[in-house]
Every structure is written in structure tokens, then in C-alpha cells.
Amino acid sequence: MKVNKAVFPAAGLGTRLLPITKSIPKEMLVLVDKPLIQYGVEECMCADITDIIIITGRGKTAIEDYFDRSIEHEILLKEKGKHHLLKSVDEISSRISLTYTRQKEALGLGHAILCAQNMVGEEPFAVVLSDDIIDSDTPVMKQMVDIYKNFRYSVLAVQRVKDEDVSKYGIISGKEIEKGLYAVEDLVEKPELKDAPSNLAIIGRYILMPDIFNFLKDTKPGKGGEIQLTDAIKSLLQIQPVYALEFEGNRYDGGNKLDLLKAQIIYGLKNDEIRSGLTEFIKKSEWCRN
Ligand code: G1P
């Protein structure tokens, strides 16, 4: 069956980006001219995904407002002949279905995914963590769906990370069956370096078989006292294969200030409106010469 649906967990408190995340959901932080979540949604659209399910929590209404129509803006912009300013978000609302459900308690990523069970049903589905910003020629979700079409089992996005970063991620080990594609053999959520089975880290893109829900229900709180998706995938592995794709692309951690700034520059240089001004600014700048 085709991957039609994507779940976007967006109930987290964004503590790494405080104080701004007191009032602005981290998914709504702007990258050049669009909120982070919109990049993830557009990536899914490129992979022919038609249904987006956003798991929200308290203080996240800005996400719903953003994707909703704003009649006041539409009227005002029409009068001024500037309706193109709403084009990219209008196109999303007209081409895909967006639904929302609430995660009432912050019990972890695994629990957030479980909240989407009824909306997903018995279909394979994607998961996108929108603070993982991935710049690639072929959108990462498209790369993953292409693998899914061949193997018809879960696919995780992975990337090699430095030893000192291993403890920040879910880590997999596996057998390389094609260049950059692994049949997963083990998974550990945020291990200490000495316990890590490799340095292949899970990055926030997944395609999961619906069987994962049965395991999520039984997953006990793990690392950090949270219900971990990684632990449920480890259980899923006992009944069916799971694959991991070392994707093509550069990833920036939107929850990290330096990475977010790097992403602003990279995406700014790709933006027709500001490319030349930004290039000129960087070239002329004296601030990093000494
Ligand atoms: C989550 C997952 C982790 C994964 C990471 C990718 O962790 O639990 O396995 O490696 O996303 O960004 P978080 O960063 O939400 O703590």
C-alpha cells in the first residue's frame, strides 16, 4: 500500500530554544520566509503524501492558525494586488488534508505517535520531526518512499554522527545490503558511547508499518522516563524487517542555535529574493576576518 499519511509530532515544549518557545512553538520558528513545519509538509507533498496529521499540545494553536485560511489577510492583500504573499501556504491547504489531534501529556515521542493511531488506521505512514531540517537535492521523504516501494517495510533515515554526539540520538546497527541501505539489527535510544552499537544516528524521518502501534501500546517508559519510539521499533524488529537509509543531504538541527543560523544562511542563499544581497553581505563582512 502507498504511503499517504504523515504524522508530525509537535507537542514538545522546545526547551532548548527557550525563551522564544514560551510563546512561539518551535515548529513555527522561521527559516528565511516560512516556518520550519512548512518545509516538512512540502517535503511530504513531494513524496505524494496527501494527509498530514499534526500532534499538538498546549500553546500550539499558532500551527493551526497558520495553515487555516485568513479571510482578513486575503481581503486586504487582494485590494493591494499582493495575494501572491499567501500563495505557498494556500497551496498546501488546497492540495492536502491537514488534521490535528492533541497529546494531552508530554509522555515522549512514542506516545505522541500512538495518539495518531485512529487517524492513521491500518496503513504504512510517515513520521516527520520538523526540527530536523534537511537540505537535499531529492527531498528526503521522497528518497525514503522510493526505498519503501522496493521493500514494503519500515524505513528510518540515518546519518553518521561524531562519537561525542552519539548520546543525543537513537542509534542503529545493521547489515549494509546496498550502498547506504541497512537491514537494521539493533536500536538503542541515546546510548552512552561505550554502549552504542555504531555511530549511525536516526534523524527525524521515518516510514513505519502500522504494526508499530501494537508495540507502542506495550512500550514502557525508557530513556528519560519517556515512551520512546526507538524502543517500539526495536520490538517491531522481532516480527518484521526494518531498513535504515543513509540519506543524501545535509541535516541541520533546528533545536540548536548554531545549526539554525547555518540553515538560515544555506536556505537564504537558495532564495531568489535575497541571494545576491546575502552574498554581498557575507563577502563584504569584516566581522569574521580576524
Ligand atoms: C528523537 C528520537 C531519536 C532521534 C532524534 C532525531 O529524539 O527519540 O531517536 O535520533 O529524535 O532528531 P529527540 O531529539 O526528540 O530527543
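Counting convention: from 1, in listed order, for ligands and their atoms alike.
With 3.5 Å as the limit, one finds no donor-acceptor pair spanning the side chains of Q159 and Y169. For the 3.5 Å distance criterion, the side chains of Q103 and H111 qualify, holding a donor opposite an acceptor. Residues E246 and Y182 bring a donor and an acceptor atom of their side chains to less than 3.5 Å of each other.
Within the listing of ligand 1, atoms 9 (O) sit less than 4.0 angstrom from a heavy atom of T230. Atom numbering of ligand 1 starts at 1 in the shown order; those under 4.0 Å from a heavy atom of L129 are 11 (O). In the vicinity of Q228, heavy-atom distances shorter than 4.0 Å reach the ligand 1 atoms 8 (O). Within the listing of ligand 1, atoms 3 (C), 4 (C), 9 (O), 10 (O) sit less than 4.0 angstrom from a heavy atom of G170. Remark: ligand 1 atoms within the under-4.0 Å shell around heavy atoms of D132 are 6 (C), 12 (O).
For ligand 1, the polar-atom distance check against I203 finds no nitrogen or oxygen pair separated by under 3.5 Å. For ligand 1, the polar-atom distance check finds no N/O of K168 at less than 3.5 Å from any of the ligand's N/O atoms.
Side chains of Y39 and V32 form a contact here, defined as non-hydrogen atoms less than 4.5 Å apart. Between T56 and T101 there is no side-chain heavy-atom pair separated by less than 4.5 Å.
Among protein heavy atoms, atom 14 (O) of ligand 1 sits closest to K190 NZ, 4.5 Å. Atom 9 (O) of ligand 1 has E189 OE1, 2.7 Å as its closest protein atom, hydrogens excluded (heavy atom only). Protein heavy atom nearest atom 10 (O) of ligand 1, with residue, atom name and distance: I202 O, 2.6 Å.
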Handout entry: K142 vs D48, salt bridge (charged side-chain N to carboxylate O under 4.0 Å, His left out): CA-CA, chis, key distance, verdict
Key = CA-CA 8 Å; K142 169 89 173 62; D48 276 339; over 6 Å; no
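A salt bridge does not link R205 with D132: none of the charged nitrogens is closer than 4.0 Å to a carboxylate oxygen.
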